[in-house]
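One structure is given below, encoded as structure tokens.
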Amino acid sequence: MTGQTYNPNQAEAIATLDGPLLVLSGAGTGKTRVLTARLAEILRQHRAYPSQILAVTFTNKAATEMRHRVEAMVGEDARDLWLGTFHGIAAKILRRHAALMQLTANFTILDPDDQNRVMKQCLRELGIDEKLTKPRYFLGIIDRWKDSGYSPDQVPVGEKNNRLVEMAGKSSTVSHLDVYRLYQNRLRQIDACDFGDLLLMVVEIFKNNRTVLESYQNKFRYIMVDEFQDTNRIQYYFLRLLTEYNKNLCCVGDDDQSIYGWRGAEITNILNFEKDFPKAKTIRLEQNYRSTKHILGAASSLIAKNGRRLGKSLWTEFDTGEKVKIVTLEDNRAESAWVAEVIDTRQNEQKPLSEVAILVRTSSQTRGFEESLSYRAIPYRVYGGLRFYERQEIRDVIAYLRLIHHPADDLAFERIINLPKRGIGDTTFEALRARARAEESSMIEASRNLVGMTQSGAILSGDNHDSKDVKPAARRALLKFLQSYGLWQERMASDSPLEFLTFLLHDSGYQAMWEAELGIEKESRLENLRELERAMRDFTSIAEFLDHVALVMDTINDSSRQQVSIMTLHSSKGLEFDTVFLPGWEEQLFPHSNALHDGQDGLEEERRLAYVGLTRARKLAVVSWVKRRQVYDQFLDRFPSRFLREIPAEHCLMETIIDGEVFVTDSPRSEMNLGSQTVAGSGGTPSLVQSNKQSAIGSSLSMAVGDRVSHKMFGVGVIRVKDGSHLTVDFGGDFGVKKLIDAYVKKID
DNA sequence: CGCCCCGTGATTTTT
DNA sequence: TCACGGGGCG
């Protein structure tokens with residue numbers, strides 16, 4: 001770890017405590033290090049075998065890091081720890097008892113893309129217009145239900161999300177719950193479960209099988225949970241079941257950093273903890289070992305505006321440090337260019353790039369920074385963007401592996417049956433699907449039956465069924481594919497994972513397909529296939545590899561590399577950097593307009609997000625907002641985030657950048673209060689043209705006369721008229737906005 | 001069956 | 001602006 005002092009007495013004192021324990025503390029107080037120390041301590045004292053300890057982290061990355069740190073303290077012993085995310089742990093348990101949930105031990109874990117495909121099929125079957133109500137919408141509701149611990153039969157009557165589905169024109173008889181039921185049936189048919197099922201099913205097994213539950217209750221002597229504020233109901237339920245008798249649970253968390261309310265996380269879990277574990281000791285850590293006084297002061301004042309908090313006050317012995325910078329820029333292009341420039345300059349002052357992060361509110365903001373950093377040849381890495389295993393070519397190969405490993409995986413079949421082109425198109429595919437449904441079999445089986453092939457690969461004579469549906473050419477192509485498939489299955493069983501992958505890439509013609517490509521993509525696609533082969537080295541079986549892919553979804557992190565980190569505020573949780581850039585602090589973006597629909601709770605969660613962002617910084621935090629931001633194809637006027645005004649003047653320094661020149665303002669507060677201020681000319685001294693304070697703050701945007709508006713976010717708008725003054729227009733909510741604007745524009749003319 | 005052209009909608013946040 | 005899906009044609 002880089003040079004941060006930690007009070008070892010404190011960590012070790014907590015490490016030796018037994019019994020239910022709640023460590024409640026603020027950002028940068030070393031919560032994770034307390035857990036790590038505790039793990040090492042238990043192992044050192046031989047109070048439990050590694051396999052008797054369960055430690056749950058929020059991300060896989062955190063789990064890997066914790067494992068390394070514990071290894072450094074106690075060596076090999078750390079290897080058998082049950083250390084991972086809730087989902088990773090649940091998957092491990094579920095594989096052992098899959099039969100209890102009518103799954104085979106090889107069941108597939110669906111990724112979001114697969115989920116979407118299954119849902120599309122369901123909607124089509126139910127006659128739901130997927131344009132009107134999108135698959136993702138239903139998946140979102142189902143996920144929330146799973147987070148709350150509801151299987152289809154357990155969704156309470158009158159649950160707020162269980163409405164009738166909107167139907168175009170006609171009245172609807174289909175409820176959201178009906179969609180959920182059908183979706184689960186489909187998953188069972190293809191021997192698959194989605195992410196949310198992992199925990200739900202394990203809890204289900206625990207509830208219905210006393211012996212299984214007891215075996216795990218006896219097994220785990222120590223259970224630890226990091227980021228406890230972000231556990232949802234099903235996760236908490238899982239913990240409660242496991243600790244029914246042996247209440248040796250230790251949770252660490254911070255209510256001020258709860259940023260996953262939308263995913264069902266409940267701060268009330270922290271309150272329940274003291275109720276469910278009456279003997280629990282609560283420990284508070286308030287000394288911050290991360291940030292300077294200015295950064296901590298800014299963050300603390302900001303979070304103090306929240307009403308619903310347990311309350312704590314952080315302090316630090318660190319220096320005052322630099323004030324938080326609040327920077328005003330012309331537009332988002334200027335913003336990304338300026339951030340890159342500052343990073344460049346600081347890099348020349350020997351500041352390491354691995355200590356710089358750009359934290360954004362939405363992932364769409366990352367693109368601009370990628371461009372500006374590339375322009376200056378500054379290396380960067382986008383976390384949580386398009387991840388390695390989500391790339392098209394990688395997903396294709398994984399589909400091959402999935403299908404060979406698990407013939408019932410119809411989604412994998414669908415993806416690769418005609419990739420590369422084998423002359424098996426939509427018509428043949430639909431015929432196969434119909435047949436599979438009628439026979440209640442997998443697509444592979446249905447294909448075999450169609451061409452008259454037995455499981456062992458023998459061809460039966462007189463295989464002429466369905467000849468009117470599938471033409472001889474397609475039939476031949478299918479037969480050829482099935483013969484290859486048989487060979488692949490044999491080779492997968494006998495070869496090492498790497499050998500097999502290399503063989504498969506050639507034999508399937510998949511690699512040749514990309515080699516024949518002409519576009520600019522070709523090289524990077526082939527390079528990614530090489531990367532996949534490299535990754536495959538670390539695995540002893542294909543099954544192990546597939547679980548890794550489904551659950552970890554990322555390549556090995558190389559934190560040693562000198563590169564700037566770009567990520568969303570959400571994924572920055574638990575991390576820290578010397579320098580943190582926080583762009584896009586504008587109303588509508590941060591706090592995000594959608595979050596504000598959830599009223600005060602929504603706003604407070606956004607504020608916690610801002611708090612998380614600021615407290616990632618050790619030495620310097622740079623917040624910025626822009627006056628104009630490009631959304632799709634148009635530039636829109638923006639107003640500074642209310643959070644900017646919540647940072648006290650004594651902790652910040654305000655700058656306005658115009659054409660690359662820096663202006664420091666004496667009374668920046670007033671400048672920001674006048675949200676719709678514009679600057680005359682380009683390059684001169686800033687001067688106030690006109691403002692409309694009423695509409696400037698809060699939920700307004702301004703648009704130029706004649707602007708086309710086509711987004712639901714523009715519930716309230718401001719039209720700028722020719723002399724530079726503003727006119728506020730309330731559009732009263734949502735759609736039909738364009739029409740209204742057209743009407744107003746006419747009036748003004 | 002497979003390719004190409006056009007029209008439309010998209011952006012919260014994630015294990 | 002861009003990515004994806006549907007429709008039409010060779």
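Below, chains carry the letters A, B, ... as their sequence lines are ordered, and counting in each starts from 1.
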Each nucleotide N or O in nucleotides 2-4 of chain B that has a protein N or O under 3.5 Å away: list the pair and distance.
residue, atom, partner, partner atom, Å
B:dG2, OP1, A:Gly423, N, 3.4
B:dG2, OP2, A:Asn418, ND2, 2.9

Search all heavy atoms of A:Gln229 against all heavy atoms of A:Gly253 and return the closest pair with its distance.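 In this case the closest contact between A:Gln229 and A:Gly253 is OE1-CA, 3.2 Å.
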
In whole Å, measure the gap between the C1' atoms of B:dT11 and C:dC4 for me.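 Taking atom C1' in both B:dT11 and C:dC4, they lie 16 Å apart.
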
Just wondering, are more than 12 heavy atoms of other shown residues or ligands nearer than 6.0 Å to CZ in A:Arg333?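 Result for CZ/A:Arg333: open.
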
Is it the case that more than 12 heavy atoms not belonging to A:Arg309 sit under 6.0 Å from its CZ atom?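 Counting other residues, nucleotides and ligands, CZ of A:Arg309 exceeds 12 neighbours.
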
Of the listed nucleotides [options], the one nearest the side chain of [X]:
X        : options                : answer
A:Tyr632 : B:dA10, B:dT15, B:dT13 : B:dA10
A:Ser363 : B:dT15, B:dT13, C:dC2  : B:dT13
A:His87  : B:dT12, B:dT14, B:dT15 : B:dT15

Between the side chains of A:Asp194 and A:Tyr183, is a donor N or O closer than 3.5 angstrom to an acceptor N or O?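 Note: A:Asp194 and A:Tyr183 side chains meet the donor-acceptor criterion.
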
May I ask you to decide if A:Phe107's main-chain N or O and A:Arg95's side chain share a donor-acceptor pair within less than 3.5 Å?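 Yes.
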
Between A:Glu266 and A:Arg233, is the closest basic N to carboxylate O distance under 4.0 Å?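 A:Glu266 and A:Arg233: salt-bridged.
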
With centres under 5.5 Å and planes under 30° as the test, does A:His592 stack with B:dT12?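 According to the criterion (under 5.5 Å, under 30°), yes, A:His592 stacks.
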
